[in-house]
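Taking it in order: structure first as structure tokens, then the write-up.
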2 protein chains.
Amino acid sequence: MDAIKTYLNGLVKLSDAEWADFEKCLRKETVTRKSFLLKEGQVCNFLAFIGNGMFRFYTTEGGEEKVTAFFFSGDFFSNYRSFLTGFPSRHYIEAMQDSVIFMIEKKDLLALYDKHRNLERLGRFFAENLYLGVANRLDSFLFDSPKERYDDLVRRNSKLLNAIPQYMVASYLGIKPESLSRIRARK
Amino acid sequence: MDAIKTYLNGLVKLSDAEWADFEKCLRKETVTRKSFLLKEGQVCNFLAFIGNGMFRFYTTEGGEEKVTAFFFSGDFFSNYRSFLTGFPSRHYIEAMQDSVIFMIEKKDLLALYDKHRNLERLGRFFAENLYLGVANRLDSFLFDSPKERYDDLVRRNSKLLNAIPQYMVASYLGIKPESLSRIRARK
DNA sequence: GTTTTCCGTTGATCAAAGTCAATAACCAAC
DNA sequence: GTTGGTTATTGACTTTGATCAACGGAAAAC
């Protein structure tokens, strides 16, 4: 719980009252490996903070999984498009380990936006940070080759590579497992 | 000016006082074709609303232009990453026609966020909408082939194709002009 | 009106990732 | 330990877009 408070205070300094109201809306959940927080077709009506654990987002295209994101301890996540628009998710959100998360419902969050100015601002910071995240990922597809995307990943996020099977990394990079294997081989 | 008011009211219903304060910060600018609103290396400290005209974002990679975005009358735009982070822009923002825009400075906008709750909320909606925009574009690179991206563009934005030279469209789609020409040929 | 420049097309070849298939390495379950 | 399933690698071949080059047409400049 403290981890969330620290995280949020890094964005906006919250008063005790604000934090108390926020905390009231948090629901602690323990989820087991391979279970789903969200499935394709469902609407994502929550944000979640990972106390401990690891999650991935993926969709299926013609029977084949496409991994689109990973999240780790200390991350906030959501299918933010579905969350914002109310449209059904294309993605599954799956726990890759037994995990502990803190969830907040969309309706509760919207009420908190109304009630506390600083939390409205927090909502802006959420959106801005998520914007920067996808913008960076888009850039990696616009400007970098698969090999460059892989090298970047190694450079900035090498712990991810140990924690995640290579075929999922390949999918995340937008290539096939065989191709990633070859990229790694020709060094 | 009315166009902006209409646009904003579509996001949040603004009071007269809120709109008046917002309007005070708007600076009308007339820019000529081929002039730049922002160059590589500069920090983007504005949002702009296009009253009339057309803009493109591009970067140069090894002497070659890469077009990353187009904006038209009625759009709000900014190099939002540079705007948020204060880092220098990789992109040029160029007027593709003589255009009329309304600009608001970052410092003024932040002050408006502080002053009016609804404008803080407006800022959240800006961020959320921009998030959805890049998220959709990212998806087009994650899930679609160049041909599919082109067909999508034809389907949803055919006016763009008439207004913009084909080699820029190719660049926007992430391919070379020769390849786009071939994609169009094999129908 | 002619020249020049730019843009789009087409052809030949190259490079890189995808596909299909076989095999090897590893882990988990029994 | 052995078995069975999953993951990673490697090889042969295909597909797709990039590259290099040439050409034609259209718009702009003179």
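A, B, ... follow the sequence lines: proteins, then strands. Residue 1 opens every chain. Because the structure is predicted, anything quoted here is derived from the model rather than measured.
- Put simply, CD1 on A:I164 is 14 Å from P on D:dT7, counting in whole angstrom units.
- Taking atom CD on B:E64 and atom C1' on C:dC7, their separation rounds to 15 Å, with Å as the unit.
- Taking only side-chain nitrogens and oxygens, A:S179 never comes nearer than 4.0 Å to OP1 or OP2 of C:dA17.
- Considering B:T59, B:T60, B:T68 in turn, B:T68 is the only one that fulfils the side chain to side chain donor-acceptor pair (under 3.5 Å) rule with B:H91.
- With a 4.5 Å cut-off on side-chain heavy atoms, B:F76 and B:L47 count as touching.
- Distances from the side chain of A:S181 to the nucleotides C:dT10, D:dT7, D:dT10 place D:dT10 closest.
- Using a cutoff of 4.0 Å between basic side-chain nitrogens and carboxylate oxygens, B:R149 and B:D152 are not scored as salt-bridged.
- Under the 3.5 Å distance criterion, with hydrogens and angles disregarded, no donor-acceptor pair is assigned to the side chains of A:R56 and A:Y172.
- The phosphate of C:dT10 (OP1 or OP2) has no side-chain N or O of B:R186 nearer than 4.0 angstrom.
- Looking at which nucleotide of DNA chain C each of A:S145 and A:E178 is closest to, the 5′-most match is held by A:S145.
- Computed from coordinates, the B:E65 CD to C:dC6 P distance equals 13 Å when rounded to whole Å.
- Residues B:Y131 and A:Y80 bring their aromatic ring centres within 6.0 Å.
- Residue contacts shown for A:P177 are absent, as no nucleic acid heavy atom lies under 4.0 Å away.
- With rounding to whole Å, A:F141 atom CZ is found 13 Å from C:dA17 atom P.
- For C:dA16, neither phosphate oxygen OP1 nor OP2 lies less than 4.0 angstrom from any side-chain nitrogen or oxygen of A:K147.
- The separation between B:I183 atom CD1 and D:dT15 atom P is 17 Å, rounded to whole Å.
- As rounded to whole Å, 8 Å separates atom P of D:dG11 from atom CZ of A:R182.
- At whole-Å resolution of the value, CG in B:L180 and P in D:dA18 are 10 Å apart.
- Checking C:dC7, C:dT9, C:dG18 against every side-chain atom of A:K176, the shortest atom distance belongs to C:dG18.
- Between the P atom of C:dA28 and the CZ atom of A:R33 lies a distance of 9 Å, rounded to the nearest Å.
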